[in-house]
Amino acid sequence: MLAVSHLSKAFGAQRAVDDVSFGVDRGRIVGLLGPNGAGKTTTVSMIAGLVRPDGGEVLIDGRALAGDTDPLKRRLGLVPQDLALYEELSAAENLHLFGALYGMSRAETAIALTSALAFVGLTERARDRVSTFSGGMKRRLNLAAGLLHDPPILLLDEPTVGVDPQSRNAIFDNLEALRRQGKALLYTTHYMEEAERLCDRIVIIDHGRVVADDTLRGLYARLPSTNRLTIELDGGDRDFAVDDLRRLPGVRSAELARDVLTVGLDDVSAGAPAVLQWLSGTGRRCTHLASERGNLETVFLALTGRSLRDA
């Protein structure tokens, strides 16, 4: 439904987006991740038709988007990070304003806003001023505004920033319902756990370029090991050759530092017994054992070398 093809954009000497390509299919949520300054916002702005690309194109249902006034933009819904609401208007009045901007009649807007407010759980607050809403309620109303004209493609730029856990979960439920309805969602976030829960596919960009475009399973496979076994040893003076451990089937890596042995494995259930048996043969005892799986943050740092919140 949405295809980004070789997008590029420079601001002076700085190339903010450099040959970015990816797609979003019907009934899928694609996460767009990257450090601050990586080019995410510029990419979303070009998709929304707010910024003209220097090169490449945005395709909606196979047709190229031609700037800010292209009627194709009606197939897009945008939920920006900054709240696009008037505090002194009620929730219903805000949505009536958006309906007018979308070119909807008052009758169409009345029907659509009733559905949108019900969808985000704000029906009973329709006549209340937005200034009386909590941060989470404002975020949900922001989502309702982006959905009012029933777009098949939704662009969400960090829609859960600053909300409480209950509101975040409510937004997650809304987005998963939209996926079941067959909508295509592009989701930018700084929160790894959100992307892991929601996204069918992850696109990671850094320095304006795509460094990964894959499913979670595919991204995990890029790690040196998908699972890690941490073994605390008894501190005895017996030494052993870690190189021998690295030769065991299923062992991706092995490091020993201050009586803590860290082993990267393809599969913990298959590899751990062999590692413990090998360790027993060295004469060193295990005093504590823990295992963990690599997560999306591990993948992100491995690919970009930077925290999501670094500039």
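For CZ of Arg197, the number of neighbouring non-hydrogen atoms (other residues, nucleotides, ligands) closer than 6.0 Å is greater than 12. More than 12 heavy atoms of other residues, nucleotides or ligands sit less than 6.0 Å from atom CZ of Phe11. Counting non-hydrogen atoms of neighbouring residues, nucleotides and ligands closer than 6.0 angstrom, the CG atom of Asp243 exceeds 12 such neighbours.
Not a single donor-acceptor pair under 3.5 Å links the side chain of Thr262 to the backbone N or O of Thr230. Panel note: side chain Arg179, backbone Leu198; a donor-acceptor pair is recorded below 3.5 Å. Within the 3.5 Å criterion, the main-chain N or O of Leu279 finds a donor-acceptor partner in the side chain of Thr282. Between the Lys183 side chain and the Pro151 main chain, a donor and an acceptor come within less than 3.5 Å of each other. Judged by distance alone, with hydrogens and angles left aside, the side-chain atoms of Asp200 form a donor-acceptor pair with the main-chain N or O of Ile29 at under 3.5 Å. Checking side-chain atoms of Ser21 against main-chain N and O of His6 turns up a donor-acceptor pair under 3.5 Å. In this structure, the side chain of Arg127 does not engage the main chain of Ala92 through any donor-acceptor pair within 3.5 Å. Judged by distance alone, the side chain of Ser280 and the main-chain N or O of Leu276 form no donor-acceptor pair under 3.5 Å. A donor-acceptor contact shorter than 3.5 Å links the side chain of Thr114 to the backbone of Ala110. Although no hydrogens or angles enter the test, the distance criterion places no donor-acceptor pair under 3.5 Å between the side chain of Asp128 and the main chain of Phe133.
The shortest distance between side-chain heavy atoms of Ile47 and Leu186 falls below 4.5 Å. Annotation: side chain of Lys138 is not in contact with side chain of Leu141 (no heavy-atom distance under 4.5 Å). Within the 4.5 Å cutoff, the side chain of Val260 has no heavy atoms near those of the Ile231 side chain. Side-chain contact check for Tyr191 versus Arg168: some heavy-atom pair is nearer than 4.5 Å. Taking the side chain as every heavy atom from C-beta outward, Leu216 and Glu196 approach each other to under 4.5 Å. Val263 places a side-chain heavy atom less than 4.5 Å from the side chain of Leu261. With contacts defined as side-chain heavy-atom distances shorter than 4.5 Å, the pair Val4/Val20 qualifies. Residues Asp19 and Leu7 fail the side-chain proximity criterion, which asks for heavy atoms closer than 4.5 Å.
Results of the side chain to side chain donor-acceptor pair (under 3.5 Å) test with Thr160 over Gln81, Glu194, Arg139, His190 single out Glu194 as the only residue that passes.
Under a hydrophobic-cluster definition in which Ile, Leu, Val, Met, Phe, Trp and Tyr are linked whenever side-chain heavy atoms come within less than 4.5 Å, directly or via other members, Leu76 and Leu147 are assigned to different clusters. In terms of hydrophobic clustering, with Ile, Leu, Val, Met, Phe, Trp and Tyr side chains grouped at heavy-atom distances under 4.5 Å, Val17 and Val211 are assigned to different clusters. One hydrophobic cluster, built from ILVMFWY side chains closer than 4.5 Å, cannot hold both Met104 and Ile111; they sit in different ones. A continuous path of hydrophobic side-chain contacts links Val242 to Leu289 [ILVMFWY only; heavy atoms under 4.5 Å]. Clustering ILVMFWY residues whenever any of their side-chain heavy atoms sit less than 4.5 angstrom apart, transitively, puts Leu296 in a cluster other than the one holding Leu185.
Within the model, atoms OG1 of Thr132 and CD of Glu88 stand 9.5 Å from one another, a figure rounded to the nearest 0.5 Å. Distance check, rounded to the nearest 0.5 Å: CD of Glu87 to CG of Asn94 gives 9.0 Å. Atom CE of residue Met192 and atom SG of residue Cys199 lie 9.5 Å apart, to the nearest 0.5 angstrom. Rounded to the nearest 0.5 angstrom, Glu176 CD and Ile171 CD1 are separated by 12.0 Å. Taking CZ of Arg180 as the start and CG of Leu175 as the end, the distance is 10.5 Å to the nearest 0.5 Å. Annotation: the span from Met137 atom CE to Leu122 atom CG amounts to 5.5 Å, rounded to 0.5 Å.
Checking Ser90 against Arg125 by side-chain atom types alone, no donor-acceptor pair falls below 3.5 Å.
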### Message
Does Val30 form a side-chain contact (heavy atoms from CB on, under 4.5 Å) with Tyr187? I'd like the steps, not just the answer.
### Response
CA-CA 6 Å; Val30 172; Tyr187 189 92; over 6 Å; no
### Task
Applying side-chain hydrogen bond (donor to acceptor under 3.5 Å, both in side chains), run through Asp157 and Thr188 and close with a yes or a no.
CA-CA 5 Å; Asp157 189 6; Thr188 74; 2.7 Å; yes
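Residue pairs that meet the salt bridge (Lys or Arg N to Asp or Glu O under 4.0 Å) test with at least one member in residues 70-81, sequence neighbours left out, are Asp61-Arg75, Asp68-Lys73.
Geometrically, Arg201 does not engage Phe22 in a cation-pi contact, judged by NZ or CZ lying under 6.0 Å from the ring centre and within 45° of the ring axis.
Using a 4.0 Å cut-off between a side-chain N of Lys or Arg and a carboxylate O of Asp or Glu, Arg246 and Glu255 qualify as a salt bridge.
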